[in-house]
Structure formats: structure tokens, C-alpha cells
Amino acid sequence: MRFLLLLALWATLAFVPSWLVAQPWQHAIAAVASRLASPAGAVIEIVDLQLYYPFDLGIYLALCLASTWVRWGRRWRAVAAGLPVLILVEIGSLAVALAAMMRGAAGSAQAAEEAQRFAVGVIRVTGLVAAAGAWFYLLGRERLPLAARTR
Amino acid sequence: MKTPRRLGSSHKSVLLFLVRCFAYWGLALWGVGRFKQIEEWGTGLTLATLQIAFRAVGQQVHRVGSTLSVGGANVEIVSDCSPHMPFLIFGAVILAFPSSWRRRLLGLVLGAVAIHLFNALRILTLIWILRFRYSWFDFAHVYLWQTGTVLMVFATFALWMRTLPPRREPA
């Protein structure tokens, strides 16, 4: 319960700077991802962006800082180790989504629709899934067996 | 009687758990892309729940396709408004966690109800903001989807963990 309250507090605090830098951040991530996803000799022009980056990074920061069962030093080390990985996940998942949409667009209408749904799924939540996974691997796993014992 | 296995502190079991999580998650992503019925079912359920909620408080509500008209505000319920994605993440974690199938089923049912109710509350809050505090909408939309949904999934998972029997320590 304490963890959840602290998580809510830290996540709310981390949300504010994430909100302020969201637009330039998303454009920067999109620029790298589109380079990775574009076929040789082609350029992808991104007109509109509706991503949830870098809020996943804020959630990861909040998860680490709310992990009171480890010392501050380890929490910050987890932040330092996890954030670069999560930024790569953001770029990678956006590149996969763009590649899937381009592949879908080249096929039938149904294929395009399927690719669109897949891409939206990848963009919307992969960052959060990766954040939770990274936190669990670095800090959260120490808490799970304890939680299982508590009734 | 077979005793359900629990996660140990070893890297192997942790990695196995994470690999399972991501495998189930990948499968769910593929399913969402391949079968549009999953998304349609999620948005349909959200629409029906919102209609019931508004009628329960005596509020006039009209539905045209996937758009609800409430007190002058028109809200289109799109895939982002559906609880299917948070539930699929939650489901992946529950299925990957070492437990009996009975407990997993309990977790999936408990999670489906909790996540759906939270999502309906989230959309109701957003409709209220849309009507009375329009300038807050974008901020609240992203905040509730990111922070609120993560908290809800974590809280539901923690609640499910409490239903598990105590861990057996090796002799």
C-alpha cells in the first residue's frame, strides 16, 4: 500500500516535466525511428504525432524512487541503468510500428487495418510494459516473494 | 497435491517470468492486430457501461455509432478509451506468474472487473472535464491513461498477490 501511494506521488511529480518536454521529445524520437524504419533511399515525413513518450520514462522513474526496500543509491543506479534502455525501446517500438504500417499500406485494405491496430498497440503501451519489466528486473523482483507471503 | 511454484530470487526464474510476460504480451499484440473484434468488444462494452452509468444518475444520453452525446458534449469512444490494452498487459503478467490455474482464473476475472470499472470511471471523469474544464482535457487524458492505468494495474496485481497462499521456504 505504501509503495502504491509513493508510486502515485512520484508518478504525478514526474508527469509534470514529462508533459512539458513531450512534444520536442516525441519529435526527436520520431526522427530517429523514421530513419531506422524508412526503406533505403526513402524519407518518412511525420505530419502528426500522438505518442505517449516520455511518460513511460516518468513512470519508470517513479517506480524506482518508490522502491523503498532498497537504499537511495541503488534506486538512482537503477534509474541510470534503465532509462537508456527504455529510450532505445521507445525508438525501437516506434520504428517497428512505422515499418508495420508501411508494410500494411502496401497490401490490402484489411492488411492496412490490421497493421494500424498492431502499430497503435505497440506505440501506446510497449513503453509502459518495458518500464515495468525493467523495474521488476532491477528492483521489483525482491519484493514479489514477500508480497506472496502476505495474506 | 501439486504445490504451485513461486518465484525465487535467482536470475533464472526472474528472467523466465519476464520472458513469459513478454511472450504473452507479444501474443496479445498480435491478436489485437489480427482480430478487430477484440477492440470492438472493448469499445462496445465501454459504451454500454457509460450509457448505464449516465441513465443511473438520470442524465440524458444519446448514442450514435461510437459517439455519446451527454449534456451538449459529444464524445467518440475510440480504441484508446477501451480497457482491452491494460487488461491484456495485466493478463500477461497473471498468466506468466507461477501460480495454480484456478488462482490465475480468479486473477483474470478480478482484474477484468477492476480494470473495466476504473476505465469507465476514467472516461466519465474525462467527459466531466470536457464539459466543465475543457482546457484541462489533454492534460487529464494523458495523466489518467498513463499514471492512472499503471497504478490500477499495479494495485489489482498486488490485490491478487494477497490471495496467493504463503510461500513455502525450502527446508
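So you know, we letter chains A, B, ... as the sequences are listed, proteins then strands, and number each from 1. Quick note: numbers below take in every heavy atom, side chains included, and nothing from hydrogens, waters or symmetry partners.
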Nearest 0.5 angstrom please: [X] [atom1] to [Y] [atom2], how far?
X: B/Asp80; Y: A/Tyr52; atom1: CG; atom2: OH; result: 4.0 Å
X: B/Thr147; Y: A/Leu9; atom1: OG1; atom2: CG; result: 11.5 Å
X: A/Arg124; Y: B/Ile89; atom1: CZ; atom2: CD1; result: 12.5 Å
X: A/Phe3; Y: B/Phe154; atom1: CZ; atom2: CZ; result: 5.5 Å
X: A/Gln110; Y: B/Lys36; atom1: CD; atom2: NZ; result: 8.0 Å

For [X] and [Y], work out which heavy atoms get closest and say how close.
X: A/Val125; Y: B/Met85; value: CG2-SD, 4.1 Å
X: A/Val120; Y: B/Ser79; value: CG1-OG, 4.5 Å
X: B/Leu29; Y: A/Gly121; value: CD2-C, 3.5 Å
X: A/Leu4; Y: B/Leu151; value: O-CD2, 3.7 Å
X: B/Arg34; Y: A/Arg117; value: O-NH2, 4.0 Å
X: A/Val129; Y: B/Phe22; value: CG1-CE2, 3.4 Å

Under a 4.5 Å heavy-atom cut-off, does chain A meet the side chain of [X], its backbone, both or neither?
X: B/Asp138; result: both
X: B/Phe157; result: side chain
X: B/Phe139; result: both

Using the rule given for side-chain contact (heavy atoms from CB on, under 4.5 Å), can you reason through A/Phe55 versus B/Val150, listing the C-alpha separation, both sets of side-chain angles and the distance that settles it, and then say yes or no?
CA-CA 11 Å; A/Phe55 302 103; B/Val150 167; over 6 Å; no

If you count every heavy atom of other residues, nucleotides or ligands that lies below 6.0 Å from A/Arg103 atom CZ, does the total exceed 12?
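No.
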
Counting only heavy atoms closer than 4.5 Å, note whether A/Thr12 contacts chain B via side chain, backbone, both or neither.
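For A/Thr12, heavy atoms of backbone and side chain both lie under 4.5 Å from chain B.
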
Connected via hydrophobic side-chain network under 4.5 Å: A/Val85 and B/Leu18:
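No, no single cluster joins them.
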
